[in-house]
> 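The structure under discussion is supplied below as structure tokens; questions concerning it will follow.
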Amino acid sequence: MPNPLRYNKNFEKLSYEEKQLFEETKKSIADFVEYSSTISDVNYATRNAHAKTYAVLNGTFIISKDIPNDLKHVFDSDQYEITARLSNAHPKINKNRKDIPAYGFAIKIKDDSGRTISNYPLVNFPLFPVNSVSVFLKLFTSLNRFFVKKWSNLFPLLKQIYKIIPYTLNPSFLKNVWKFILNKNNFILSFDFHSVGVYRFDDKMIKIKVSPKHVQKNFGRNQSVKEAVETFFGTHDFAANVYIQFCYDLKDQPINKLNIEWKNSPFIKIGEIKIDKNSLLNPKGCENELLSFNPFDSAEIFQPVGKIQKLRDEAYKVSLQTRKKINKLLKYR
């Protein structure tokens, strides 16, 4: 294989128009969070995405003994403590038994002192439906406004949804949609979870995949997702392999085209995640509801790369700051 490409900050450079649109989006995020307790019918302000928490857990990230020699310098320990959050991607907390099977597996990797080394918000679909920053921002702003204003903002939302359709009409995206449909009823912990966007790995660039080991796809089929997760961790340990792909060539591994899979870049196992049974924390505890998995709160050598990734930093901060303000540091009943 050729040498991986080196990180360049120009991959995430936003235009003036994109920056202006982002200001509107940040305002819509704050508005959504302010109304989120009403939107989800709960007594606290929620996140504006992945609002529903299934579980918060403590675990361990163990570095593989067989990791290639040229990667070992990135890690200063053989294992790291992690905190993981399992969630649903919907911005509204659905209290019905059946959720859309769009799941999140966010991982916070910590040093011996409990300080965050890196955050990775992973999801169970490997691609993103749009590449254009401006199209994404207009869609996300319309979605937030729809939940706040409902029917008065339905037409603008439908208009923006229509604009993303062309980005989804490629073989890579359609193949993964079909695979997703076939597996939509599977247990949340049986899915692979993906970074979707790109991250730094020292001065190189990678995508990440977490693949569970020996988890039955039909586990908890007659339970709600939250009940199934709680049952699983009451009786089972969980283990998953962690893989990375390097960017060698922008044609085969594009940074800012998130609607197609990378090709000609093998998955390299770098470690394993282990979560012991009975590791569940109280997801409604103040300290856990306050958790943020902003990938920009990571060490510089592990930060996100790309234009749409760049938006996450301030978006996460606006959401967290607004939640803190409304919840009065989460001192709600």
Side-chain angles (χ1 to χ4, degrees), residues 25-57 83-108 119-125 128-129 136-137 139-150 153 157 161 184 188-189 191 193-194 196 224-230 280-295 297 308 311-333:
T25 302
K26 288 192 291 183
K27 174 66 167 58
S28 76
I29 292 171
D31 290 343
F32 179 97
V33 176
E34 287 181 3
Y35 282 90
S36 62
S37 61
T38 301
I39 292 169
S40 292
D41 190 25
V42 294
N43 63 345
Y44 58 93
T46 72
R47 294 166 169 83
N48 67 303
H50 288 268
K52 185 173 187 175
T53 302
Y54 294 127
V56 179
L57 309 111
T83 297
R85 177 180 182 259
L86 293 169
S87 63
N88 188 276
H90 203 290
K92 178 180 177 179
I93 295 177
N94 175 20
K95 295 186 178 180
N96 297 327
R97 189 176 182 86
K98 192 72 173 177
D99 290 322
I100 59 169
Y103 303 129
F105 188 175
I107 300 169
K108 182 184 293 290
N119 286 318
Y120 298 109
L122 311 177
V123 293
N124 67 325
F125 192 79
F128 196 69
F136 167 68
L137 289 173
L139 172 65
F140 196 46
T141 300
S142 295
L143 183 64
N144 288 329
R145 289 174 176 168
F146 171 75
F147 277 103
V148 173
K149 299 180 179 180
K150 291 296 181 184
N153 210 58
L157 176 59
I161 291 174
K184 62 184 176 64
I188 180 174
L189 290 171
F191 283 94
F193 285 87
H194 310 265
V196 182
S224 70
V225 177
K226 184 175 176 60
E227 291 169 345
V229 168
E230 291 174 349
L280 283 166
L281 305 176
N282 177 12
K284 293 186 178 180
C286 288
E287 68 281 3
N288 294 324
E289 183 59 36
L290 195 58
L291 282 172
S292 173
F293 293 86
N294 182 351
D297 289 341
I308 288 180
L311 305 175
R312 282 178 139 168
D313 187 16
E314 292 188 52
Y316 271 78
K317 288 176 181 175
V318 169
S319 177
L320 180 61
Q321 289 166 1
T322 310
R323 294 202 323 269
K324 279 185 174 181
K325 178 184 71 174
I326 294 172
N327 292 333
K328 296 179 180 178
L329 297 179
L330 295 178
K331 291 180 180 177
Y332 53 82
R333 291 186 293 172

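Both backbone and side-chain heavy atoms feed into the values below; hydrogens, waters and symmetry mates do not. By convention here, the first residue in the shown sequence is residue 1.
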> Test of understanding: with side-chain contact (heavy atoms from CB on, under 4.5 Å), list the residues that count as partners of Tyr103, not counting sequence neighbours.
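Residues passing side-chain contact (heavy atoms from CB on, under 4.5 Å) with Tyr103: Tyr54, Asn88, Pro101, Asn124, Ile188, Phe191, Phe193, Val225.
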> Does the pair Arg323 and Thr46 meet the rule for a side-chain hydrogen bond (donor to acceptor under 3.5 Å, both in side chains), with working shown?
CA-CA 7 Å; Arg323 294 202 323 269; Thr46 72; over 6 Å; no
> Under the rule for side-chain hydrogen bond (donor to acceptor under 3.5 Å, both in side chains), what residues qualify as partners of Lys27, not counting sequence neighbours?
Asp31
> Under the side chain to side chain contact (heavy atoms under 4.5 Å, CB included) criterion, do Lys325 and Glu34 qualify, and how do the steps go?
CA-CA 9 Å; Lys325 178 184 71 174; Glu34 287 181 3; 3.5 Å; yes
> For Asn294 and Asn119, does a side-chain donor sit closer than 3.5 Å to a side-chain acceptor?
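No donor-acceptor contact under 3.5 Å links the two side chains.
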> Evaluate the side-chain proximity of Thr83 to Leu57: yes if any heavy-atom separation is below 4.5 Å, no if none is.
no
> Taking the side chain as C-beta and beyond, is there a heavy-atom pair between Arg85 and Leu291 under 4.5 Å?
no
> If I take atom CG from residue Asp41 and atom CG from residue Asn94, how far apart are they, to the nearest 0.5 angstrom?
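It comes to 12.0 Å.
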> Does any non-hydrogen side-chain atom of Phe125 lie less than 4.5 Å from one of Val196?
no
> Rounded to the nearest 0.5 Å, how far apart are OG1 of Thr322 and CZ of Arg47?
13.0 Å
> Please round to the nearest 0.5 Å and tell me the distance separating atom OG1 of Thr141 and atom CD1 of Ile29.
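Answer rounded to 0.5 Å: 7.5 Å.
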> Could you check whether any side-chain N or O of Ser224 sits under 3.5 Å from a backbone N or O of Glu227, counting only pairs where one atom can act as donor and the other as acceptor?
yes
> Please list, chain by chain and in numerical order, all residues satisfying side-chain hydrogen bond (donor to acceptor under 3.5 Å, both in side chains) with Ser40, sequence neighbours excluded.
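With sequence neighbours excluded, Ser40 shows a side-chain hydrogen bond (donor to acceptor under 3.5 Å, both in side chains) to no residue whatsoever.
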> Tell me every residue that passes side-chain hydrogen bond (donor to acceptor under 3.5 Å, both in side chains) with Lys149, counting only those two or more places apart in sequence or in another chain.
none
> Show the nearest heavy-atom pair for residues Asn48 and Ser319, with the distance to one decimal.
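Taking Asn48 first and Ser319 second, the nearest heavy atoms are OD1-OG, 3.3 Å.
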> Quick one: are Leu122 and Phe293 in side-chain contact, heavy atoms under 4.5 Å?
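When only atoms from C-beta onward are counted, Phe293 and Leu122 do not touch, as no gap falls below 4.5 Å.
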> Is any side-chain heavy atom of Phe146 closer than 4.5 Å to one of Val148?
no
> Distance from Ser142 atom OG to Ile161 atom CD1, nearest 0.5 Å?
8.5 Å
> Less than 4.5 Å apart, any side-chain heavy atom of Leu280 and any of Val56?
no
> May I ask you to test the Thr25-Phe136 pair for a side-chain heavy-atom distance under 4.5 Å?
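A side-chain contact under 4.5 Å is absent here.
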> Taking all heavy atoms of Leu320 and all of Ser292, pick out the closest pair and write down the distance.
CD2-CB, 3.8 Å
> Rounded to the nearest 0.5 Å, what separates atom NZ in Lys226 from atom NZ in Lys52?
8.5 Å
> How would you list, by chain and number, every residue that makes a side-chain hydrogen bond (donor to acceptor under 3.5 Å, both in side chains) with Glu314, sequence neighbours excluded?
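Listed in chain order: Lys26.
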> Between Pro295 and Tyr316, is any pair of side-chain heavy atoms under 4.5 Å apart?
yes
> Please report the interatomic distance OH(Tyr120) to CD1(Ile107), rounded to the nearest 0.5 Å.
9.5 Å
> With sequence neighbours excluded, what pairs up with Pro91 under the side-chain contact (heavy atoms from CB on, under 4.5 Å) test?
Phe32, Phe147
